[in-house]
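I have placed the structure first, in the form of structure tokens, so that the comments after it can refer back to it.
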Number of protein chains: 2
Amino acid sequence: MTSESTTESRRALTLRDVSEASGVSEMTVSRVLRNRGDVSDATREKVLKAAKALGYVPNKIAGALASQRVNLVAVIVPSLSNLVFPEVLGGISEELEDSGLQPVFGVTNYAPEREEAVLYEMLSWRPSGVIVAGLEHTPAARAMLENAGIPIVEIMDVDGNPVDSVVGISHRRAGIEIARAIVKAGYRKIGFLGTKMPDDHRARKRLEGFEAGLAEAGIELADREFYSGGSALLKGREMTETILKRSPDLDFLYYSNDMIGAGGLLYCLDNGIDVPGKLGLAGFNGVELLDGLPVRLATMDACRREIGRRAAEIIAGHSHSGMVGGERIELTPTLQLGDTIRRA
Amino acid sequence: MTSESTTESRRALTLRDVSEASGVSEMTVSRVLRNRGDVSDATREKVLKAAKALGYVPNKIAGALASQRVNLVAVIVPSLSNLVFPEVLGGISEELEDSGLQPVFGVTNYAPEREEAVLYEMLSWRPSGVIVAGLEHTPAARAMLENAGIPIVEIMDVDGNPVDSVVGISHRRAGIEIARAIVKAGYRKIGFLGTKMPDDHRARKRLEGFEAGLAEAGIELADREFYSGGSALLKGREMTETILKRSPDLDFLYYSNDMIGAGGLLYCLDNGIDVPGKLGLAGFNGVELLDGLPVRLATMDACRREIGRRAAEIIAGHSHSGMVGGERIELTPTLQLGDTIRRA
DNA sequence: ATGAAAGCGCTAACAA
DNA sequence: TTGTTAGCGCTTTCAT
């Protein structure tokens, strides 16, 4: 070995080191490493060889400061344990893969103040764009987004007043549509089961839409049951038992997500309840999990991956050409009746 | 409104703007904003008021360059769709919350070259530490990790030769232990079902350990079945049907993860197979999902959240005091027999 | 308690 | 095609 093997953290290498090792000016080394401008093949080779031999890793901090360009995209989501958001992140990663942009994730745990803090932290790195879940923010967070001077894409939801661009579905409309389908299938005594999260605005909007949809047919929610925390599948099981004990005459259960819906479905199967004859069921999200169940739960696909991709596309578009922004992309979730809603 | 509402991206605010607005020198403004050094309350107040009024967001790029300090921790995981990794990330986020450090995530899709690329990208931001899943890296990636001069924590797995610190479980030992438990319960014709991922080293080590454990009792794997992609729950169902058709005399199925194990379990329940009497089942991971199933699948908890927390703790420890590094933390997964392995 | 000067490592703009 | 000169917006250090 040629280099000393001190575990000591020696000073990080700089362009200058590569410059000296290769006998080429710092500026030209910089050009080679960024594939910019015209550099002769001979020089290029010399530089690359030296850089590799030394194990040089460019310092993007200095580069970003000098060029006023940062290839980072801030992505802010409420949670990672929901599986919904990892999928969105997957779509974003995928789309950004070859754009030269890098996603940086932050998690808020559904707390508006955390969102504000995370946003502040991320904006201080001067990213090329921000992708943030939801349209509801603290006034300070909204002000930061408005003044950031970079493309902002709010995702998941379109029901509200976006700061800049927005990509998502209308949860209100999703609620209305499933309500209509349920009514049309002849169900009348309908219960709702969902999370007790004051800051999950999308679940709230779905419920509002759902009630509005029922109201069109003069129907009111017959009962409702809420939970928070714990294993969703288990909670779905328990809540279903609870609500059915309390209101045995219910003929339909609408769950605010597929996990608790699947739990409810398993409960019904275990207890020999006639689904969808005596009792209909529906969830929300179209999670992959459902494919493995013995009976397909009715659900609505929330277009998660697609949302991630489109949002990333908008940010990437800005950095390539000078796009204008203010796009509004409303995706249409498809209703899958599955096996848990009676067919006409 | 007092400020003009041009959508125009005006130049971002600098310390100087705050300095001028408050009539305090840039240096003192900087001190106030970082809570460093002695500043009179009067001055502090003036500065904070001005900064808030302007909506100033510090430029960490410049700050990092000047101070040679970056409060970022690079976190590199193979996948987000596995639910295992989101949980680890959750543990990391939680632990880092009040340490002043910020996690930055990168995803490799189980591809060593992607890992190398992501690592290079992240190191170029000069993070305070790196947390990376697994002990297997390309030679170039390993060299980068060794020369980064910052704390490195490899997580999930301890079977191998770490670069610096390591926090995880021994997947080999996990395989051995479950094999012993299965043999002890009297099962003899044992099948394995798992992913066909050449780069999922942990699954591979579990299988190796499993076979070693069986070998202790002079038993060989009777059959095996692999899959890739698709809904794990569904795949588990399908693979179980396939392997049982092919080898009807199997009396135990060991699944490489809980999702396919749950699929297999549902298949058995549907088809009236006597579990655990005629057929025993076990998975791996201890996913929350299992709590909701009608029968508890035998599994082993992989300590995911704990791994995240401990890894983050090591990085945070380095940045506080000057810790030495090279820690090795082996956690012990607990075997939960559940309802799918015969009791003695 | 506050300010002035120098420079972190790189790149834009220009010169040769 | 290559090199030189000035910063980018902060923080460090040293002076006041």
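Just so it is clear: chains get the letters A, B, ... in the order the sequence lines come, proteins before strands, and each one is counted from 1.
With salt bridges taken as basic N to acidic carboxylate O contacts below 4.0 Å, none links B:Arg114 and B:Glu116. Taking a cutoff of 4.0 Å between a charged side-chain nitrogen and a carboxylate oxygen, B:Arg16 and B:Glu26 qualify as a salt bridge. Looking at B:Arg310 and B:Glu95, no side-chain N of the basic residue comes within less than 4.0 Å of a carboxylate O on the acidic one, giving no salt bridge.
With contacts defined as side-chain heavy-atom distances shorter than 4.5 Å, the pair A:Glu115/A:Thr138 does not qualify. Looking only at side-chain heavy atoms (C-beta outward), B:Arg11 and B:Asp17 come within less than 4.5 Å of each other. Annotation: side chain of B:Leu80 is not in contact with side chain of A:Phe85 (no heavy-atom distance under 4.5 Å). Between A:Pro58 and B:Tyr120, the closest side-chain pair of non-hydrogen atoms falls below 4.5 Å. You'll find the side chain of A:Val166 stays beyond 4.5 Å of the side chain of A:Val153, heavy atoms only.
Taking every heavy atom of residues 65-73 of chain B and every atom of DNA chain C, pairs under 4.0 Å involve B:Leu65, B:Ala66, B:Gln68, by number. Listed by residue number, the members of residues 22-54 of chain B with any heavy atom below 4.0 angstrom from DNA chain D are B:Met27, B:Ser30, B:Arg34.
A donor-acceptor distance shorter than 3.5 angstrom exists from the side chain of A:Asn59 to the backbone of A:Ala62, with no hydrogens or angles considered.
Remark: the A:Arg142 side chain and the A:Asn161 side chain contain an N/O donor-acceptor pair separated by less than 3.5 Å. Between the side chains of B:Arg34 and B:Ser30, a donor-acceptor pair is found at a separation under 3.5 Å.
Extent of DNA chain D lying under 4.0 Å from chain A heavy atoms, first and last nucleotide in 5' to 3' order, is D:dT1 to D:dG9. Nucleotides of DNA chain C lying under 4.0 Å from heavy atoms of chain B occupy a range whose first and last members, 5' to 3', are C:dA1 to C:dG9.
Taking the salt bridge (charged side-chain N to carboxylate O under 4.0 Å, His left out) definition, one finds that B:Glu45 meets it with nothing, sequence neighbours left out.
Recorded end-axis angle for the helix from C:dA1-D:dT16 to C:dA16-D:dT1 stands at 30°, based on five pairs per end and rounded to 10 degrees.
Here the rule is side-chain contact (heavy atoms from CB on, under 4.5 Å) with A:Val75, and of A:Pro127, A:Pro103, A:Ser93 only A:Pro103 fits it.
The minimum heavy-atom distance linking B:Val88 with B:Met156 is given by the pair CG2-SD, 3.8 Å.
To the nearest 0.5 angstrom, B:Trp125 atom CH2 is 9.0 Å from A:Gln102 atom CD.
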